[in-house]
There are 2 protein chains.
Amino acid sequence: MSGPAFKNWQTIQDEVLRRIHAREWPPGHVIPGEVALAREFGCARATVNRALRALADAGILERRRKAGTRVALHPVSKATVDIPVIRREIEDRGRAYDYRLLTRETAPPPPRVQAELGLNGAAPCLHVTALHSADGAPYVHEDRWISLATVPQAAEADFTTVSANEWLLTTAPYTHGDITFAAEGAAHPAAEILTCPEGTPVFVIARITWDHGRAITTVRLTYAPGYRVRSEIGPATL
Amino acid sequence: MSGPAFKNWQTIQDEVLRRIHAREWPPGHVIPGEVALAREFGCARATVNRALRALADAGILERRRKAGTRVALHPVSKATVDIPVIRREIEDRGRAYDYRLLTRETAPPPPRVQAELGLNGAAPCLHVTALHSADGAPYVHEDRWISLATVPQAAEADFTTVSANEWLLTTAPYTHGDITFAAEGAAHPAAEILTCPEGTPVFVIARITWDHGRAITTVRLTYAPGYRVRSEIGPATL
DNA sequence: CCTGCCATTATGTCTAGACATATATACCTG
DNA sequence: CAGGTATATATGTCTAGACATAATGGCAGG
């Protein structure tokens with residue numbers, strides 16, 4: 001045995017993955033404890049910890065105090081989807097970005113939006129719709145409600161040159177959010193703006209962002225037909 | 001000043017987030033080095049490292065050797081989407097799961113699939129289609145090609161009781177994969193199986209998984225109308 | 001002025017040891 | 001046997017120090 005030299009935590013991670021993969025440690029199997037592995041690999045326990053913790057974050061392992069570490073029975077793979085600013089998303093694909101503000105008005109939001117933002121009827125909101133284009137072709141229609149109670153500065157922003165999408169990210173950062181992906185038929189305003197017949201299958205992303213429990217904004221992004229969200233999955237994801 | 005006692009890395013992470021949020025450290029700002037922060041917080045550098053590294057993984061910070069740590073200019077939020085086994089996805093929502101194998105045949109794959117799997121024409125593949133139902137209603141149509149060159153055991157599995165989806169995960173784990181989400185109009189076989197008119201907007205997930213560079217399988221999951229993928233975003237994601 | 005080299009420096013990682021915390025299991029009691 | 005309690009144990013985290021690595025910014029030379 002030429003000591004394989006498990007020096008760094010990535011080497012150890014690879015070896016653990018190899019054993020899982022080779023069925024030396026089948027799903028559900030409780031693997032040796034950190035001290036035992038550290039002894040075997042000839043490294044400090046902290047190094048083993050680093051490797052195992054990374055695998056646990058990736059969903060490959062399940063760890064519980066005292067119970068030990070076991071190979072996940074259902075390897076719930078996690079796909080991490082990057083949600084960049086729309087301008088960047090377009091420019092990163094090497095296409096020319098163009099932005100056009102369509103409407104901008106202060107109004108009481110419809111009940112559905114009120115509920116999403118957790119507001120009562122009186123709260124004023126800013127309603128902004130816009131079109132982002134790539135190489136001159138419609139790319140995504142943005143339909144956004146901004147809570148003026150949370151972001152009063154928005155009342156003075158005009159959104160003609162900088163999109164609300166971008167303005168909010170640099171002005172009113174959120175602490176957490178909620179996002180859903182869905183397939184829908186293109187509906188009234190968005191269909192014409194995206195120049196496709198009503199009912200055309202389109203990809204829709206709905207997002208709500210919060211700042212410490214106070215809702216900032218809710219937005220519906222209706223993408224032009226053909227849009228796809230791509231992501232990679234697997235241990236390397238982390 | 002009552003020493004706020006920054007004992008653990010999560011406390012430090014919260015404080016760093018607070019400063020970013022309060023614009024003490026605006027986007028693009030280079031924050032103090034680890035040693036300085038460790039001194040300020042009265043803890044070891046490793047603890048600061050743990051906190052900052054977690055924030056960098058979440059996309060809040062950008063770190064580069066020698067250059068230091070800066071607040072991300074474009075806070076690329078990352079949404080981590082869990083991709084469970086379909087049976088679990090349905091059962092976790094408290095609905096009754098049902099599975100039915102529709103077709104199963106060994107055949108040379110069409111060119112598109114060959115290209116995706118990186119195979120030459122001669123390689124035999126297993127083509128499996130199935131329907132997963134929730135509470136008796138069609139939930140998702142599975143159209144899968146399995147590379148018998150990589151997973152020869154699949155030739156003996158009949159997939160009548162255990163879906164290929166589940167069988168593969170526990171039998172032929174992958175090292176990495178690729179996933180895309182799209183909106184499409186329901187097409188020929190899937191439309192009838194999901195009992196919706198052709199052209200109905202449906203959510204489609206296409207996935208390819210690999211084992212050390214050898215393709216395992218490619219699958220198209222066509223979900224019944226109304227399906228949504230939901231996820232949370234933000235620092236808490238990690 | 002431009003180019004290439006080099007020292008400085010901030011992050012990346014490892015070590016060895018310690019204490020904290022959860023929790024499965026054994027044990028003990030009613 | 002049921003249920004509560006004690007204990008052993010595996011992971012979680014922190015410390016203090018050290019070396020590794022990369023890359024920036026200045027400096028020297030063409």
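Source: prediction; values computed, not measured. Labels below follow one simple rule: chain letters A, B, ... track the order of the sequence lines, proteins then strands, and each chain is numbered from 1.
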Asker: For D/dT13, does either OP1 or OP2 sit under 4.0 Å from a side-chain N or O belonging to B/Thr47?
Answerer: no
Asker: Who passes side-chain contact (heavy atoms from CB on, under 4.5 Å) against A/Arg70, sequence neighbours left out?
Answerer: A/Val30, A/Glu62
Asker: Would you please name every residue forming a side-chain contact (heavy atoms from CB on, under 4.5 Å) with B/Leu169, sequence neighbours left out?
Answerer: A/Pro75, B/Val85, B/Tyr174
Asker: For nucleotides 4-12 of chain C, just jot down a letter per nucleotide in 5' to 3' order: B, S or -, based on protein non-hydrogen atoms under 4.0 Å.
Answerer: ----BBBBB
Asker: Between P on C/dT21 and CD on B/Gln10, what's the gap in Å once rounded to a whole number?
Answerer: 13 Å
Asker: Just jot down the side-chain contact (heavy atoms from CB on, under 4.5 Å) partners of B/Arg230, sequence neighbours excluded, or say none.
Answerer: A/Asp178, A/Thr180, B/Glu232
Asker: Under a plain distance cut-off of 3.5 Å, with no hydrogens placed, do B/Tyr139 and B/Glu89 share a side-chain donor-acceptor pair?
Answerer: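 Yes - a donor-acceptor pair under 3.5 Å links their side chains.
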Asker: Send over the distance from A/Arg70 CZ to D/dT11 P, rounded to a whole Å.
Answerer: 12 Å
Asker: Once you round it to whole Å, what is the distance between P of D/dT11 and CG of A/Asp57?
Answerer: 15 Å
Asker: Go through the structure and list residues passing ring-ring contact (aromatic ring centres under 6.0 Å, His included) with A/Tyr97, not counting sequence neighbours.
Answerer: A/His132
Asker: How would you list, by chain and number, every residue that makes a side-chain contact (heavy atoms from CB on, under 4.5 Å) with B/Ala46, sequence neighbours excluded?
Answerer: none
